[in-house]
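To start, the structure under review is shown below, and the notes come after it.
So you know, we letter chains A, B, ... as the sequences are listed, proteins then strands, and number each from 1.
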There are 2 protein chains.
Amino acid sequence: MADVAAAAGVSAMTVSRALRRPDTVSEEVRARVEEASRRLGFVPSRVASALASARTMTVAVLIPSLTNAVFIDLLAGVQETLTPQGYQPLVGITGYGPEAEERVLRTQLAHDPDGVILSGLHHTPGTWDLLRSLTIPVVHTMDLSVEGDLMAEGAQDDCPVQTVGFSQFDAGYAVGAHLAARGRRRIGLIAGQLDPRTRQRCDGWRQALRDAGRHDPALELMVPDATSVALGAELLERALATHPDTDALFLCNDDLAQGALFQCARLGIPVPERLAIAGFNDLAGAAWTVPPLTTVATPRRAIGVEAARLLIAGMENRTPQSRENPRRVDLGFRLMVRETT
Amino acid sequence: MADVAAAAGVSAMTVSRALRRPDTVSEEVRARVEEASRRLGFVPSRVASALASARTMTVAVLIPSLTNAVFIDLLAGVQETLTPQGYQPLVGITGYGPEAEERVLRTQLAHDPDGVILSGLHHTPGTWDLLRSLTIPVVHTMDLSVEGDLMAEGAQDDCPVQTVGFSQFDAGYAVGAHLAARGRRRIGLIAGQLDPRTRQRCDGWRQALRDAGRHDPALELMVPDATSVALGAELLERALATHPDTDALFLCNDDLAQGALFQCARLGIPVPERLAIAGFNDLAGAAWTVPPLTTVATPRRAIGVEAARLLIAGMENRTPQSRENPRRVDLGFRLMVRETT
DNA sequence: GCCTCGTTTGTTAGCGGTAACATCCTCATC
DNA sequence: GATGAGGATGTTACCGCTAACAAACGAGGC
């Protein structure tokens with residue numbers, strides 16, 4: 001920067017100003033500095049800038065996994081919103097464990113991010129303590145804050161939480177209600193990857209079936225394993241083996257649903273005639289399976305975009321963090337009724 | 001750090017040493033410093049550390065897209081290898097454009113990463129200039145260096161290139177040869193997302209068919225669009241409409257292949273009896289389609305792991321960068337022959 | 001023509017660590 | 001017991017930039 005300053009015949013401070021806030025220097029100086037800067041191939045060190053200004057222009061983004069398309073879409077939304085504003089996402093993978101999340105968050109914080117985006121609302125008490133002590137904005141995603149729920153998890157009133165997501169419960173309820181409305185009587189559930197969001201979906205589905213008077217706990221098959229097409233195929237067989245009279249199934253994830261669908265084709269089980277199948281998330285390809293899969297479209301990318309927007313607003317202090325800024329953004333979901341039901 | 005130093009009754013320098021290289025301080029001091037550090041909740045600022053030591057402990061990782069599972073797997077491999085060593089990946093998305101790549105690389109370099117991982121070997125001359133001027137290690141992935149090829153792209157002998165990948169050409173060749181060996185005579189090609197790697201696969205396939213004396217350019221259907229299940233379904237119909245006698249198809253990506261497979265089911269085209277289908281990448285679920293998809297398993301995650309390992313070796317200067325360090329790591333591929341062929 | 005005010009530029013002092021060197025101490029060696 | 005080597009700790013001077021304040025300058029207003 002000193003070299004650029006010398007070349008342009010100004011002080012280093014003026015170079016800094018000319019490059020960061022061109023409107024604060026005279027037109028002529030700005031031109032001279034830009035020319036010199038370009039000619040010398042000057043790239044300002046963000047590290048030094050960060051140290052001096054206490055702004056790193058980075059954002060910690062914690063997601064459970066890179067292999068789950070849901071969070072990749074979230075990340076894509078975050079990324080495409082942060083980058084144009086000059087922010088660099090720092091991706092951290094928590095592996096679905098609250099303890100690992102706390103650990104990852106701590107290491108990310110050593111990088112002094114200007115903001116944090118978390119997945120879900122279920123954190124360790126230690127994480128909540130940490131968040132409460134932070135002076136940078138934090139946004140939680142993929143879930144919505146619910147009073148009682150938060151208290152149970154360790155968040156207090158003095159820790160205002162910003163969330164962007166949709167109601168997993170309502171979405172699960174919608175699927176259950178849909179299957180019941182289709183006249184199905186023996187409606188089962190298959191779930192893997194039992195994170196809090198999956199559980200809420202299941203809770204919603206369960207409530208819907210109870211409301212319809214058709215809930216049978218025996219038809220629930222929940223396993224902790226990560227979801228996959230293979231698992232879906234396997235669990236479908238297991239579910240039908242134990243309860244051959246099942247006439248509808250809610251698979252808590254589209255990959256499970258696709259696996260189940262494949263397995264039905266293999267076993268010669270007509271879908272939806274003999275068995276209705278519903279998935280969740282509307283992943284790529286769900287509309288193209290044979291038959292096309294009924295599922296719930298979730299606004300994953302939009303959640304990422306909105307979370308990043310809120311965060312940027314907080315980081316630039318454009319709004320007093322609580323008043324105008326919505327604390328809770330519900331982006332909804334859409335039941336995509338296709339041919340498997 | 002000064003507070004910790006005071007609390008432990010030592011100098012700041014000793015605190016720094018005690019935390020970074022515990023073996024360089026006495027057992028007793030180390031214990032005192034750790035206790036004080038923990039008690040005060042001290043988190044060393046990586047930003048300051050970076051400025052003082054000229055090591056940011058970050059690595060720029062440039063990939064074309066977040067929505068392509070291939071690069072997500074690569075990223076996962078990189079991430080899981082870098083993180084335990086204390087490195088933080090800085091993910092940059094280039095959108096498949098060499099110009100965008102150069103732009104993204106420039107902004108990433110402002111963060112002073114200690115190393116760079118790039119996707120592919122096809123960069124702009126500006127990017128090559130930039131790379132040549134860097135003093136940090138760079139690893140190229142998903143592709144292998146080929147003398148003539150590199151020269152054409154602007155790399156020179158004075159810019160030693162480290163690559164980790166596999167031969168896209170050979171992999172394409174393997175598919176072509178397989179289809180020919182299966183006795184298919186009218187073998188077509190469907191490709192989207194025409195990046196250099198896809199083109200090399202197509203080149204390999206073409207060569208195989210020529211060697212078998214069965215190459216008919218009319219059976220090639222190449223479109224620039226991003227690949228997807230939907231596109232696969234659409235292109236299958238288009239291909240069969242123009243050339244109904246096609247009896248085998250190589251789809252350059254598994255999502256295309258899955259779409260094609262779905263469409264065959266829909267149109268009542270028996271696979272593989274009337275039409276053989278082969279995909280590429282062995283994405284999740286390929287083994288579970290109906291019938292299971294013949295495809296090529298590519299070592300994407302392993303490439304990420306190996307690239308990160310090489311990079312770490314370079315960053316820690318454990319090897320003189322060229323001698324022992326392999327310049328070109330071929331991780332191979334595997335043709336997964338399943339039922340669609 | 002003098003004063004005030006706003007704009008533009010410069011000066012100074014760090015941000016929070018670490019490299020490099022200096023110093024101090026301990027202990028084996030002769 | 002003096003000597004030197006080597007390990008442990010301290011001191012100094014930055015790393016490259018920016019906040020905050022100071023100074024210089026020009027443009028009205030009286």
Shortest non-hydrogen contact from T81(B) toward I312(B): O-CD1, 4.0 Å
5'-most by nearest nucleotide on DNA chain D - T14(B) or R17(A): T14(B)
Heavy-atom check, side chain of I136(A) versus side chain of M315(A), under 4.5 Å: no
Atom pair distance, as rounded to whole Å: CE in M57(A) and P in dT18(D): 12 Å
Nearest-angstrom distance from the residue atom CE of M13(A) to C1' of dT11(C): 11 Å
Length of the line joining R21(B):CZ and dA19(C):C1', which is rounded to integer Å: 12 Å
Touch class at under 4.0 angstrom, heavy-atom based, for S45(A) against every strand present: sugar-phosphate
Along DNA chain D (nearest heavy atom to each residue), the more 5'-positioned of S11(B) and S53(B): S11(B)
Whole-Å gap separating P (dG16(C)) and CG (D3(B)): 11 Å
Touch class at under 4.0 angstrom, heavy-atom based, for R20(B) against every strand present: sugar-phosphate
Heavy-atom closest contact (V91(A) atom, Q79(B) atom, distance): O-OE1, 4.0 Å
Sugar-phosphate, base or nothing in reach of V47(A), heavy atoms under 4.0 Å: nothing
Interatomic distance where CD belongs to E27(A) and P belongs to dT7(C) [whole Å]: 17 Å
Residue that, paired with E35(A), satisfies side-chain hydrogen bond (donor to acceptor under 3.5 Å, both in side chains) out of R32(A), R38(A), R39(A): R39(A)
Minimum-distance nucleotide to S16(B) side chain [options: dT18(C), dA20(D), dA20(C)]: dT18(C)
Backbone N/O of R301(B) and side chain of D73(B): donor-acceptor pair under 3.5 Å: no
Listed nucleotide nearest any side-chain atom of V25(B), set dT18(D), dG17(C), dT9(D): dT9(D)
Among dT18(D), dG17(C), dG10(D), the one nearest V10(B) by side-chain distance: dG10(D)
Between dC15(C) (P) and L51(B) (CG): distance, integer Å: 13 Å
Nearest-angstrom distance from the residue atom CG of L19(B) to P of dG16(C): 16 Å
Distance in angstrom units between R55(B) CZ and dA19(C) C1', rounded: 14 Å
